[in-house]
2 protein chains.
Amino acid sequence: MATIKDVAKLAGVAVSTASYALNNSTRISAATKQRVEEAARTLNYKKNGIASDLKRTRTNTIALILSDLSGPYYSELIKGVQDVTTANGYDLIACSSIGGPQSTAVKFLREKRVDGAIILANNISDQITIESAQEGFPLVVLDRDIKNKNVYHVEVDNEHGGYIATEYLIHKGFRNIAYIGGPKDSNDNKKRFRGYLNALKEHNISAYSNLNSIGNFTREGGYKATKLLIARGELPEAIFYGNDEMAIGGLQAFKDHQITIPEDISVIGFDDIQLSEYVSPALTTIKQPKYEAGALAVDLIFQIIEGKQINEKYTLSTELVERNSVK
Amino acid sequence: MATIKDVAKLAGVAVSTASYALNNSTRISAATKQRVEEAARTLNYKKNGIASDLKRTRTNTIALILSDLSGPYYSELIKGVQDVTTANGYDLIACSSIGGPQSTAVKFLREKRVDGAIILANNISDQITIESAQEGFPLVVLDRDIKNKNVYHVEVDNEHGGYIATEYLIHKGFRNIAYIGGPKDSNDNKKRFRGYLNALKEHNISAYSNLNSIGNFTREGGYKATKLLIARGELPEAIFYGNDEMAIGGLQAFKDHQITIPEDISVIGFDDIQLSEYVSPALTTIKQPKYEAGALAVDLIFQIIEGKQINEKYTLSTELVERNSVK
DNA sequence: CTGTTAGCGCATTCAA
DNA sequence: TTGAATGCGCTAACAG
């Protein structure tokens, strides 16, 4: 494996000259540059990026920590991250936090292998996040609240989203509205539920018997929770599912029982995942500004890298998407 | 930022001792080890992974090169890659090849930042792939044929897949079968088309007027190609779309024109993406063994790293998934 | 415009 | 069991 030394030797110049030539420094004459490039080509020289990074004490890359590289896929959000990173001339790598402390994600978080990181991974502990955050290593968290120096936070307004979902159902004339929620320890879920309660309270409507923290944010969870609801025999007029996956599971359960949506019962979800447009009926839901969240997250990283002072928390707003699952 | 020197100083030992202690060498007494670990903790020491990698001349990580981190999402394939990588104690990072020669992917491919790479990115040129392949840097390509030393190749049998798709339609009694294809320069597309032609020829059926390389493998491309077909006025009895995305676009176009599937015309796709199960009607398609392909790809990397001799090409077979889009 | 040289932070060899 | 010394490959300050 040829190193820059070999290239320099073959070109008959000093190592530094070779380095300058290869890195497009202006201080090198065209002739020398040519010679060095030619030498590099004949030796099939490839620079060792690791050595380069070590020397410069920066990597020019940002890590995106995901709970699982194989999905669930926050496509829009990643697009936002990707676009802004590229626009700033940085590189982006994605890694998974499967495996907890042994995971690739933790390795990258801990070992200064990147210049900053964005975390969108519920399976990474707050502790690891806090331990990794340091002066000069900006960390932006997207899916939780962490109060800690050097940890910044972008979130969508889940509470208000829960509020407008419920408000919408109330405006449609429903009074008996159930909330089928996700995991108890999910921050997003808590906030959506709170929004739901607030909207009800504002209209002096009492909440439907609690089905929070039963659906687990999965399609299957939504299916089972809905089956349970049906088995109880007292269906509400409308259901607000904590996320679209659960709502889609619910749609399936209703279909199994010949209950038609939205004629018999109205359904609203949360997230606006791609699938929600394709299920039948198309799912009315709350859309999150995912692209913007991703873009903002990286933008914050760059601001911190540039030494600017920024807030430790940013909140983006949600929006109703009307489709066909509410009567 | 504390380095290992600082830790050693605080613990009152030599740097090497600190290194051994931190890396669980047996040659360090328990007492010393404790002292070093404590020092590391109080200084909030984090090792510099880059320096470590440079010294050891290996990174213990594999790169997965994708055309775009934000999808299209080869979920199953990535899962295969991920599982096997983790099982071998290696780390996995994903990076995108958007931006061509300036992309993160190329940087990782060229600069020895990883111990091996798997390429699933149509937007990376053969030339870059070939240039990057070297002794000691195994490269596995998943979406094209490259004949070159040190480049290995895992593919699904697209030709046979195209064959069984067409064969299936013929068996259902159709004679007038169109193929709507993807990009002209796509290897997968070429092979699927060839399989289509072979099946027709075997039954002495002539091909429908060529619509190959019109659909671009995108939903929108499939939509437009189908619109064109409809505008022509002479609909075939059945259509074989080069991939599911295009087929789904086609379904939409037919819906726009009140043409019902499969009553009026039969449709078959290729890939078995997640969505194909949810569209209406559910899409009959050809399933690729994606998980296996991903798993095999990494497995090959490890075999090469271990110095074993392997074939330069592996082919996996496809399978028909019957749903409701063929009459 | 080009060459000499000192580290970047760490792991590891060799002596003690 | 520990410590001193070396160098992984590269960049950049400095000198010429």
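Every chain is numbered from 1, with letters handed out A, B, ... down the list of sequences.
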Side chain to side chain contact (heavy atoms under 4.5 Å, CB included) partner of B:Y20, chosen from B:V36, B:I28, B:T32: B:I28
5'-most contact on DNA chain C: A:L54 or A:A30, nearest heavy atom basis? A:A30
Please check if the side chain of [X] supplies one atom and the backbone of [Y] the other of a donor-acceptor pair under 3.5 Å.
X: B:T57; Y: B:D53; value: no
X: B:D143; Y: B:A121; value: yes
X: A:N48; Y: A:A51; value: yes

With sugar-phosphate taken as primed atoms, P, OP1 and OP2 and all else as base, the protein-contact string of nucleotides 10-16 of chain D at under 4.0 Å (heavy atoms; B, S, -) is BBBBB--
B:K9 NZ - C:dG9 C1' separation (whole Å): 14 Å
B:S29 vs D:dT2: side-chain N/O to OP1/OP2 distance below 4.0 Å: yes
After noting the C-alpha distance and the side-chain angles of A:D145 and A:K191, does the key distance pass the salt bridge (charged side-chain N to carboxylate O under 4.0 Å, His left out) rule? CA-CA 12 Å; A:D145 268 320; A:K191 292 184 175 166; 3.2 Å; yes
Base, sugar-phosphate or nothing for B:I50? Non-hydrogen atoms, less than 4.0 Å. nothing
Pairing donors with acceptors under 3.5 angstrom, does anything connect the side chains of A:S67 and A:N123? no
